*Asks:* 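My questions will all concern the structure given below.
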Amino acid sequence: MPNILLVGNGAREHVLAETLVRSAHRPRLFAYMKANNPGIADLSQEVRMGGYGDTAAIVDLARHREVDFAVIGPEDPLHAGVVDALRTAGIPAVGPSRSLARLETSKSFTRSLLEKYGIPGNATFRVFSSMTGLEEFLATLPEVVVKPDGLTGGKGVMVQGDHFHTKEEALPICRQILEEHGRVIVEEKLVGEEFSLQCLCDGKHVVATPPVQDHKRRFVDDKGPNTGGMGSYSCADHLLPFLRREDILAGIEITRQVAAAIRRETGEYYRGIMYGGFMITPTGLRLLEYNARFGDPEAMNILPLLETDFVDLCSAIINGTLDRLAVSFSSRATVCKYIVPKGYGLPKDHPDYRSTAARIEVGDTGKARLYYSSVDKREDGLYMTTSRAIGVVGIAAELAEAESIAENAVAALKGPVAHRPDIGTATLIDKRVRHMAEIRKDFP
Ligand code: AMP
Ligand code: GLY
């Protein structure tokens, strides 16, 4: 019976906890969280609370409970160096060291790595630490995207046509990013359909999980501000309606080359998740970014389908033996819809902005699975905080059925909540397929 440490407190970690405890090895789980997640607490032998920067406290729990290995859910503890601290204490982890987590925490690291090693899929880009030459570079690109060179929770990216319109308007934004973050990345704006490809990596081998499409915008029909993700779907054939098998193979090949480049560049093996945000564009598959962890919500789509024992999978990632394990996922469709407080993601002057912390009544949610994110379990029920509250997941043979399982469960959750009813519906998916048909004109 292995002892396992899980770090993190969101719905992604709730599904990680569930997938770990259903292992035939019957592991004992110890959770380190910055806020109490009642779903994870229920599955754990012990819960310890603390900040993710306090790596000593995390190592202390791991030592005290003699854990065999740790699984790190979110990016913040990776960036704080928790994997390095655990390694010093002789405890292996699923998750990269602080240096290798630059794959996510430094967009310039990743773009430069692709450039240096001639890996396909890069965007034209340049990194600036002052305004010198910036205006001239902007002039060389038809449309641009500007981003800080660090962690921004998916909300720091400014896209021309969306967040600003002209190159002149980009200049003060770049200046502000430089003041706040010290470095700004300017890259060509890519246009196409996005998808998430979460890959497992032991440093030498890369294994893909089924592709997922996330929905970042707060409102129906992809309107409104970007959020951490309002929901996501995956299909029974392990493709997406607008994807081809070659697109997935191209994404896996890029990820393989990046894993090899990381090894050559740093001398270290990347042991953890390489989650690529890819886009199919008129010129083929392009990389938007990597994350050094599972996606939230995307983890809720793929982990419930995992047929391989997750403890064996974690061991293979740690030991560099992923090539010897048959990794499989059941052929079913999934739809995840996040329940959020009505005020989530809204600007401060919006009338619903303040309607956040409140009680949710949980009725009959049928066959759906519920994964807790920011909720508090009190004597009189579940309370939301200010962030995404519960991930509701429908799983079925067909996408339409998975969607209706999720939608019926959402209807059974009463309170000042909101969600995106369009995620996983035929109307929204048909729109994506039509968009893709236009984009693919040049490369059938
Ligand atoms: P990132 O934090 O890099 O994932 O960016 C968040 C979102 O910004 C992505 O999901 C895209 O929708 C958008 N984005 C990032 N880079 C680009 C780009 N070069 N072109 C167009 N959109 C982008
Ligand atoms: N689904 C977006 C993320 O996990 O970063």
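As the structure lists them, so they are numbered: ligands from 1, and atoms in each ligand from 1. Keep in mind it's a predicted model, so treat the numbers as computed, not measured.
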*Asks:* Any idea how Y52 and Y32 line up, ring-wise: parallel (<30°), tilted (30 to 60°), or perpendicular (>60°)?
*Replies:* tilted

*Asks:* Contact between G277 and ligand 2, counting heavy atoms under 4.0 Å?
*Replies:* no

*Asks:* Pull out every atom of ligand 2 sitting under 4.0 Å from any heavy atom of D214, numbered as shown with elements.
*Replies:* 1 (N), 2 (C)

*Asks:* Judging by distance only, is a nitrogen or oxygen of K216 under 3.5 angstrom from one on ligand 2?
*Replies:* no

*Asks:* Would S99 and S97 satisfy side chain to side chain donor-acceptor pair (under 3.5 Å), going step by step from the backbone distance to the final call?
*Replies:* CA-CA 5 Å; S99 166; S97 66; 4.8 Å; no

*Asks:* K189 heavy atoms, cut-off 4.0 Å: which ligand 1 atoms fall inside?
*Replies:* 20 (N)

*Asks:* Would you call S196 a ligand 2 contact, heavy-atom distance under 4.0 Å?
*Replies:* no

*Asks:* Can you find an N/O atom of V157 closer than 3.5 Å to an N/O atom of ligand 1?
*Replies:* no

*Asks:* Could you list which atoms of ligand 1 come closer than 4.0 Å to a heavy atom of E289?
*Replies:* 1 (P), 2 (O), 3 (O), 4 (O)

*Asks:* Answer with yes or no whether R12 contacts ligand 2, where contact means a heavy atom under 4.0 Å from a ligand atom.
*Replies:* no

*Asks:* Not counting sequence neighbours, which residues clear salt bridge (charged side-chain N to carboxylate O under 4.0 Å, His left out) with E268? List them please.
*Replies:* R87

*Asks:* Could R263 and Y269 be counted as a cation-pi pair, given that NZ or CZ must be under 6.0 Å from the ring centre and within 45° of the axis?
*Replies:* yes

*Asks:* Numbering the atoms of ligand 2 from 1, which are under 4.0 Å from a heavy atom of G228?
*Replies:* 1 (N), 2 (C)

*Asks:* Heavy-atom contact under 4.0 Å between G229 and ligand 2?
*Replies:* no

*Asks:* Decide whether the shortest distance between a heavy atom of K147 and an atom of ligand 1 is less than 4.0 Å.
*Replies:* yes

*Asks:* Within a distance under 4.0 Å of any heavy atom of K107, pick out the atoms of ligand 1 and give their elements.
*Replies:* 1 (P), 2 (O), 3 (O)

*Asks:* Measure the distance from atom 5 (O) of ligand 2 to every protein heavy atom, then report the residue, atom name and distance (to 0.1 Å) of the closest one.
*Replies:* R293 NH2, 2.9 Å

*Asks:* Relative to ligand 1, is V145 under 4.0 angstrom through side chain, backbone, both or neither, heavy atoms considered?
*Replies:* side chain

*Asks:* Do you know the tightest heavy-atom contact between I405 and I395?
*Replies:* CD1-O, 3.7 Å

*Asks:* Do the side chain of R271 and the main chain of I318 share a donor and acceptor less than 3.5 angstrom apart?
*Replies:* yes

*Asks:* What do the steps show when you test T281 against T283 for side chain to side chain donor-acceptor pair (under 3.5 Å), and what is the final call?
*Replies:* CA-CA 5 Å; T281 75; T283 53; 3.2 Å; yes

*Asks:* Can you tell me if NZ on K367 sees more than 12 non-hydrogen neighbours from other groups inside 6.0 Å?
*Replies:* no

*Asks:* To which protein heavy atom is atom 2 (C) of ligand 2 closest, and what is the distance rounded to 0.1 Å?
*Replies:* Y275 OH, 3.3 Å

*Asks:* Which of the numbered atoms in ligand 2 are under 4.0 angstrom from any heavy atom belonging to G295?
*Replies:* 4 (O)

*Asks:* Within the 4.0 Å heavy-atom shell around E188, which atoms of ligand 1 are there?
*Replies:* 18 (C), 19 (N), 20 (N)

*Asks:* Taking it one step at a time, do E169 and Q160 satisfy side chain to side chain donor-acceptor pair (under 3.5 Å)?
*Replies:* CA-CA 9 Å; E169 284 169 29; Q160 188 169 358; over 6 Å; no

*Asks:* Under a 4.0 angstrom heavy-atom cut-off, which atoms of ligand 1 come close to K216?
*Replies:* 10 (O)

*Asks:* So, R12 side chain and S373 main chain: donor-acceptor pair closer than 3.5 Å or not?
*Replies:* no

*Asks:* What atoms of ligand 1 come within less than 4.0 Å of a heavy atom belonging to E187?
*Replies:* 16 (N), 17 (C), 18 (C), 19 (N)

*Asks:* Quick one: which ligand 1 atoms are inside 4.0 Å of a heavy atom on E194?
*Replies:* 9 (C), 10 (O), 11 (C), 12 (O)

*Asks:* Using a 4.0 Å cut-off to any heavy atom of N291, which atoms of ligand 2 qualify?
*Replies:* 5 (O)

*Asks:* Taking only heavy atoms of P297, which atoms of ligand 2 are found under 4.0 Å from at least one of them?
*Replies:* 1 (N)

*Asks:* Run through D296, I390, V417 and flag the one making a side-chain contact (heavy atoms from CB on, under 4.5 Å) with Y338.
*Replies:* D296

*Asks:* If we only count heavy atoms from C-beta on, is the M230 to Y344 side-chain gap below 4.5 Å?
*Replies:* yes

*Asks:* Of all the atoms in ligand 1, which lie at a distance below 4.0 Å from a heavy atom belonging to L288?
*Replies:* 11 (C), 16 (N), 17 (C), 18 (C), 23 (C)

*Asks:* Under 4.5 Å between any side-chain heavy atoms of M274 and L103, yes or no?
*Replies:* yes

